[in-house]
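The first residue in the sequence is number 1, and the count goes up from there. For clarity, every value in this text was computed on a predicted model and none was experimentally measured.
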Amino acid sequence: KEVLKVAETHQVQARFQNKVHELTSMCWDKCITTVSGNGFTRGESDCLTNCVDRFLDTSMFLVKTLKGDGR
């Protein structure tokens, strides 16, 4: 029984990590238009900040949902 609980926990963590990777790729693809050694443009920076904020909101929602506390 304990082994099944550990396996389930690992599956949940793997799904969460996959979602993190997916959302990170999405923010990059959406916001970064050029790659240069000079850093991000203001628009890219603002877009990334907004996307990360939404990512954090989504992450917190997922954590609450996975814990059964989602409302």
Side-chain angles (χ1 to χ4, degrees):
K1 190 172 183 177
E2 189 67 28
V3 171
L4 291 176
K5 188 173 183 178
V6 170
E8 182 179 326
T9 299
H10 284 285
Q11 287 177 342
V12 168
Q13 289 172 338
R15 285 194 304 265
F16 182 76
Q17 288 174 335
N18 285 336
K19 184 54 74 176
V20 167
H21 179 70
E22 179 183 325
L23 293 172
T24 300
S25 294
M26 181 188 66
C27 287
W28 182 268
D29 292 343
K30 176 181 175 162
C31 297
I32 305 305
T33 56
T34 59
V35 178
S36 70
N38 298 330
F40 302 126
T41 66
R42 180 174 172 87
E44 290 171 336
S45 181
D46 290 347
C47 181
L48 283 171
T49 298
N50 188 47
C51 193
V52 168
D53 287 345
R54 299 298 70 79
F55 165 76
L56 292 174
D57 291 343
T58 301
S59 296
M60 291 306 297
F61 173 78
L62 288 173
V63 167
K64 287 179 180 179
T65 300
L66 292 173
K67 286 175 59 179
D69 297 339
R71 298 184 211 296

- For the side-chain contact (heavy atoms from CB on, under 4.5 Å) test, which of Leu48, Thr33, Thr49 pairs with Phe40?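 Of all the options given, the one that passes is Leu48.
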
- Looking only at heavy atoms, the pair that brings Ile32 and Thr34 closest together is CG2-O, 3.4 Å

- Task: Sequence neighbours left out, what passes salt bridge (Lys or Arg N to Asp or Glu O under 4.0 Å) with Arg15? Give chain and number order.
- Result: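 Testing Arg15 for salt bridge (Lys or Arg N to Asp or Glu O under 4.0 Å), a comparison that skips the adjacent residues, returns none.
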
- What pairs with Thr41 under side-chain contact (heavy atoms from CB on, under 4.5 Å), at least two apart in sequence or on another chain?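 Partners of Thr41 by the side-chain contact (heavy atoms from CB on, under 4.5 Å) criterion, ordered by chain and then number, come out as Glu44.
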
- Rounded to the nearest 0.5 Å, what separation is found between the CG atom of Asn50 and the OG atom of Ser45? 11.0 Å

- Message: To the nearest 0.5 Å, what is the distance between CD on Gln13 and CG on Asn18?
- Response: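 Rounded to the nearest 0.5 Å, the CD-CG separation comes to 12.0 Å.
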
Transitively linked via ILVMFWY side-chain contacts under 4.5 Å: [X] with [Y]?
{"X": "Val20", "Y": "Leu23", "answer": "yes"}
{"X": "Phe55", "Y": "Val63", "answer": "yes"}
{"X": "Phe16", "Y": "Val52", "answer": "yes"}

Can you give me every donor-acceptor pair (side chain of residues 4-11, partner residue at least two apart or in another chain, under 3.5 Å) with its distance?
| residue | atom | partner | partner atom | Å |
| --- | --- | --- | --- | --- |
| Thr9 | OG1 | Lys5 | O | 2.9 |

- For the pair Cys47 and Cys31, evaluate disulfide bond (SG atoms under 2.5 Å apart) and give the outcome as yes or no after the intermediate values. CA-CA 6 Å; Cys47 181; Cys31 297; 2.1 Å; yes

